[in-house]
Structures are given as C-alpha cells and as structure tokens.
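The block underneath contains the structure these notes are about, expressed in structure tokens.
Positions are given from 1 along the sequence.
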Amino acid sequence: MLLQDSLHASLSDPTLEVMNFLNEIALRYPDAISFAPGRPHEKFYDPQQLTAYLDAYTRHLREARGFSEERIRTHLFQYGRTNGHIHDLIARMLEKDEGIRAAPESIVVTVGCQEGMFLALRALFSQPTDVLLVGMPCYIGITGAAKLLDIAVAPVTEGEQGLDLHALEATLEALRAEGKRPRALYLVADFANPSGRSLPAPERARLLEIAAREDFLILEDNPYGFFSREGSRKPTLKSMDTRGQVIYLGSFSKSAFPGLRVGYAVADQRVTGPSGAPHLLAEEFSKIKSMLTVNTSPICQALIGGMLVMNDCSLLDANQEAIRFYKENMDATLQALARHFPRSEAWARDVSWNVPDGGFFLVMKLPIAADEALLEQSARQHQVIWTPMRYFYLGTGGEHELRLSVSYLTPERIEEGVARLARVLRGALEQRREGAARAG
C-alpha cells in the first residue's frame, strides 16, 4: 500500500479536488439548474458538422495544397508533425480575427489550452527563484499546473477593472527584494474566468511597458475574447506587443467545441543557443510536447482545419450566432438578479454582483459564507448549483462570493435558476438574523 506522503505533495492540495467535488454534486442532483460549468451551449452542435468539416479539410489538402490521396491518408492517420499541421490556417485566423501577425512556424498546436500552459511553464521556469504571477482570483488550471511542476506562484490583486497594476508593481518590488525572479504573468485580459472582468485598453499598454521594464513575459490566455456583450472588442495584448513580451495561448473549446481538445500557443520569442544561432521558442515547446503528448490528434486538427477553411479562416464570423446567444444570456442573468434581489427588500441589500461586458461568468458577493454547506443546501433543497469563489484563490479570499456561469443555460432556465438562488439566500439570511436575535 502506498502512503499519501510518498506521492507528490501537490496531490494533497485541496484545490485539485475542486472539479471532482463539483462533478459529484452535479451527478447527485442531475435535475438541478446548474450555474457551475463554463461549457458552451450545445444548441450550436450537430454531428453532421463533423463530416462536413472533415470533407472540407481533405478537399483543402487535395486542391489547395496538392496532396495525393496517399499523402492525405498519412496526414490524417499517422502521428504527424509534433507542432501540428494546421498552424498555417491558425496564423491566418489570428491575423484576420485578432490582428495578430504570427509566423506559422511560431505556432504549436496543443491538446487543449491546458497543454499550452504546461509547455510554457516547463520551458520558462528553470530556477528555484523563478515565480509565476497570477491575477487573483485565478483560473485553477494554471495554478494547478504550477503546483504539479513545483513552481512558486505569487498572487496579484484584481480590481473591478481587472488586474491591479499598482498591486502588480508592488508585488514585483517585493519579490525582487526577496531575491526572487518574476518570470511570467498569467492573465486572461478579456472576461476572465472566474471574475468576468476585463482589463481596459490603456492599462493593457501600461502592462506591456511594465513587462518590458521589469523583464518578465506575459502568458495571455484568451478563450472568451469573441464574446463581447457591449462595446467594441479590445485589442489583445499580443496584437499590441512589439517587444516579444507575450506568449499567446488559444483554445478552440469555446469558438468550436470542447470535445476536440485542440488549442495552440504562439511562442515567437527568439532563443539563442550555445552556437549563437537564434531559433523560435516554439521549437523548445516542441521538445517538451514530444515527451508529453507526442502530438495533437491529426483527426481533431482536421476538424478544426475544416471549420477554418469553411469560414475563410475567421472563427469570429462563424461565432456570430453564439456571440448573440451569450450576450442575451448575460443580459438575462443581470435582469433576473435585479428582479429577484430588489434593493427595496432589506434582506437583498447586502447582496451585490459585478456587470461584465462579455464572457460567460459573473460574481456575486454575499453577507454570508458561500461554502460547501450552502452549496449542498442549495442543490438539495432548491435544485440550483453554483461555484464557491474561494476555489479560485490561493490561501484565503472569496469566502463570501460565488460564481455564476451563464453559458450553459437558456434564458428561461436562467430566470428560474436565479429565482431559486434568491430563495436559497433569503432563507439563509433570515435564518442568520433569527439566530442573531436569539443570541442577543
């Protein structure tokens, strides 16, 4: 029998159990309205699309690239290039949709964005003094990856408009005073998971200046950038980057569908080897990937390739219906919250929420603890599920906050779900007041 303390220390970290816990709650209450998963809505999926995408891609190989039938078979069924074979189509997509000019050779096609995070962390963090900076609250995928790789993480406070740059500069100064090297900052600049907040355009320019001055890289993760609710889309950090400060991490999980598990990393930084001849950081990522996943499924890449070909390499155009749907869902959620938590009611006055300008998520602040006990009560008695925000913090934080994901429900289910949530919180708040009155 193995002892737990003989295994890697990260496996005892409670944050690694978060997804299992949430999945277990969902399985026990399958009829509950769930605001927990950050999934795309399945109304946009049709199994017939798979055949159409595959046909479009094989036609592209045959007609645009001049592949023979034998070469097409090899291309689709064999292991293939470690860095992927749709990098040229992704490069065209990035220029068209994001204004990012990236050489195809700088793009590594990954098994989901999560692999891109592992590749970046493993390549960049070489010294015990290297530290990863993250906005707090933060997506648990990056903090979990850092734990598995024994990389130190330093949180940076997030304000109402995204990463607090004053807090960032203070954290940088404190780390250097301790003899540590801030190596990279992980950031979702657009509609972050879990907070839904976005960094304003002027602060993006300032962040790039700070990164250049303080000599750290930015890992920009952008899964939600298409899904603006109001106003024009902000430029990505990568499109603004003139000094090679940004490694761009992309995913097709929201813009295509998650079951493909295809993402990509743009690693166009120059690396100087012992011979003095520079090469792309993507080549270093390739070495790691060859030992991690060998390559990304050629069939899954072909489906993404077909989708790109069919949409003239613009997934922004292909997602217009989805953009409208998620906008309507966020609007429906905000309207339902205003109706069911009216300021005219005393019990609701201490409940608040942010108003994201896009994406899948928003955060509610409560005058009571949003913990597992309240979640269990919410699921069991009222059939509504949400995510405690403390899961997204390192150490303390988020104890009185919960995350609502609005992507996986219809407006009708959102209305009913928020009504149920209001009953949960009203009951819990009234119970607390009664207990305080008895104690008094």
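Looking at heavy atoms from C-beta onward, Leu362 lies in side-chain contact with Leu334 at the 4.5 angstrom threshold. A 4.5 Å side-chain heavy-atom check between Leu402 and Phe35 finds every atom pair outside the cut-off. Side-chain atoms of Phe257 and Leu50, non-hydrogen and from C-beta on, do get closer than 4.5 Å to each other. For the pair Gln245/Leu237, no side-chain contact is recorded, criterion being any heavy-atom separation below 4.5 Å from C-beta on. The shortest distance between side-chain heavy atoms of Val246 and Leu208 falls below 4.5 Å. Under the 4.5 Å side-chain criterion, counting only non-hydrogen atoms from C-beta, Phe360 is not in contact with Asn193. For the pair Phe226/Leu315, a side-chain contact is recorded, criterion being any heavy-atom separation below 4.5 Å from C-beta on. Counting heavy atoms from C-beta outward, Phe252 and Val109 have side chains that stay 4.5 Å or more apart.
Ala265 and Thr110 get closest at one heavy-atom pair: N-CG2, 4.4 Å. Between Gly38 and Ser405, the closest heavy-atom pair is CA-OG, 3.5 Å. Contact record, Leu375 with Pro388: CD2-CD, 4.0 Å, taken as the closest heavy-atom pair. Between Arg413 and Ala32, the shortest heavy-atom contact is NH2-O, 4.2 Å. The minimum heavy-atom distance linking Val351 with Met364 is given by the pair CG1-CE, 3.6 Å. Contact between Ala256 and Tyr45 at its shortest, heavy atoms only, is O-CE2, 3.3 Å.
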Next item on the list: Please report the C-alpha distance between Phe44 and Glu321 in whole Å, then the side-chain angles of each, then the deciding distance to 0.1 Å, and finally whether the side chain to side chain contact (heavy atoms under 4.5 Å, CB included) criterion is met.
Entry: CA-CA 9 Å; Phe44 302 109; Glu321 184 183 353; 3.7 Å; yes
Next item on the list: List the steps and the verdict of side chain to side chain contact (heavy atoms under 4.5 Å, CB included) for Met93 and Tyr264.
Entry: CA-CA 12 Å; Met93 177 201 74; Tyr264 58 91; 3.5 Å; yes
Margin query: Please determine whether side chain to side chain contact (heavy atoms under 4.5 Å, CB included) holds for the pair Leu292 and Val111, giving the CA-CA distance in whole Å, both sets of side-chain angles, and the decisive distance to 0.1 Å.
Written below: CA-CA 10 Å; Leu292 187 63; Val111 181; over 6 Å; no
Next item on the list: I would like to know whether Phe118 and Ile288 meet side chain to side chain contact (heavy atoms under 4.5 Å, CB included); could you show each step before the answer?
Entry: CA-CA 9 Å; Phe118 269 89; Ile288 302 167; over 6 Å; no
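In this model, no donor atom of one side chain and acceptor atom of the other lie less than 3.5 Å apart for Asn319 and Ser255. A donor-acceptor pair shorter than 3.5 Å can be found between the side chains of Lys289 and Thr293. Side-chain contact of Thr236 with Glu220: a donor-acceptor pair under 3.5 Å is absent, judged by distance alone. Counting only N and O atoms by type, the side chains of Ser198 and Asp190 include no donor and acceptor under 3.5 Å apart.
The backbone N or O of Gly84 lies less than 3.5 Å from no partner atom in the side chain of Gln301, so there is not a single donor-acceptor pair. The backbone N or O of Gly244 lies less than 3.5 Å from a partner atom in the side chain of Gln269, making a donor-acceptor pair. Arg349 contributes a side-chain N or O that, together with a main-chain N or O of Arg343, makes up a donor-acceptor pair within less than 3.5 Å. Looking only at distances, a side-chain donor or acceptor of Thr171 sits under 3.5 Å from a matching main-chain atom of Ala167. Within the 3.5 Å criterion, the main-chain N or O of Leu199 finds a donor-acceptor partner in the side chain of Arg204. Under the 3.5 Å distance criterion, the side-chain polar atoms of Thr333 are matched with a main-chain donor or acceptor of Asn329. Remark: side-chain polar atoms of Arg197 are not paired, donor with acceptor, to backbone N or O of Asn354 under 3.5 angstrom. A distance-only check finds no donor-acceptor pair linking the side chain of Asp350 to the backbone of Pro367 [under 3.5 Å]. Checked by atom type and distance alone, the side chain of Arg403 pairs as donor or acceptor with a backbone atom of Ala36 at under 3.5 Å. No donor-acceptor distance shorter than 3.5 angstrom exists from the side chain of Ser228 to the backbone of Gly358, with no hydrogens or angles considered.
Residue Lys96 qualifies as enclosed at atom NZ: its count of foreign heavy atoms under 6.0 Å is above 12. No more than 12 heavy atoms of other residues, nucleotides or ligands shown are found within 6.0 angstrom of CD on Gln161. By the neighbour-count criterion of 12 heavy atoms within 6.0 Å, atom CG of Asp215 is sparsely surrounded, having that number or fewer from other residues, nucleotides or ligands. Counted within 6.0 Å of NE2 on His166, heavy atoms from surrounding residues, nucleotides or ligands total 12 or fewer; the atom is thus considered open. The environment of CD in Glu376 is crowded: more than 12 heavy-atom neighbours from other residues, nucleotides or ligands sit within 6.0 Å.
Classification of Glu284 and Lys287 as a salt-bridged pair holds, one side-chain N sitting under 4.0 Å from a carboxylate O. For the pair Arg339 and Glu415, the salt-bridge criterion is met [side-chain N within less than 4.0 Å of a carboxylate O]. Contact check on Arg101 versus Asp268 returns no salt bridge, with no Lys/Arg side-chain nitrogen under 4.0 Å from an Asp/Glu carboxylate oxygen. Under the 4.0 Å criterion applied to side-chain N and carboxylate O atoms, Glu372 and Arg390 are assigned as salt-bridge partners. By the 4.0 Å N-to-carboxylate-O rule, Arg181 lies close enough to Asp130 to be salt-bridged with it. Looking at Arg423 and Glu416, a side-chain N of the basic residue comes within less than 4.0 Å of a carboxylate O on the acidic one, giving a salt bridge. Using a 4.0 Å cut-off between charged side-chain N and carboxylate O, Arg324 and Glu328 make no salt bridge.
To the nearest 0.5 Å, atoms CE (Met389) and CG (Asp371) are separated by 15.0 Å. Asn222 CG to Ile100 CD1: the interatomic distance, rounded to the nearest 0.5 Å, is 7.5 Å. Leu404 contributes atom CG, which lies 9.5 Å from atom CG of Leu409 (distance to the nearest 0.5 angstrom). Expressed to the nearest 0.5 Å, how far CG of Leu260 lies from SG of Cys300 amounts to 5.0 Å. Here Glu401 contributes atom CD and Thr387 contributes atom OG1; the two are 13.0 Å apart, rounded to the nearest 0.5 Å. Taking CG of Asp317 as the start and CD1 of Ile323 as the end, the distance is 8.5 Å to the nearest 0.5 Å.
Glu98 pairs with exactly one of Arg92, Arg233, Lys234, Lys238 by the salt bridge (Lys or Arg N to Asp or Glu O under 4.0 Å) rule, that one being Arg233. Across Leu303, Ile304, Ile86, Ile299, a single residue satisfies side chain to side chain contact (heavy atoms under 4.5 Å, CB included) together with Tyr57, and that is Ile86. Partner Tyr224 forms a ring-ring contact (aromatic ring centres under 6.0 Å, His included) with one of Phe191, Phe361, Tyr139 and no other, that one being Phe361. For the side chain to side chain contact (heavy atoms under 4.5 Å, CB included) test with Leu133, the passing option among Ile218, Val156, Leu187 is Val156; the others fail.
Arg39 forms a cation-pi arrangement with Tyr408, by the criterion of a distance under 6.0 Å to the ring centre and an angle within 45° of the ring axis.
Taking the six-membered ring for Trp and thresholds of 30 and 60 degrees, Tyr326 and Phe227 have ring planes more than 60 degrees apart, a perpendicular arrangement.
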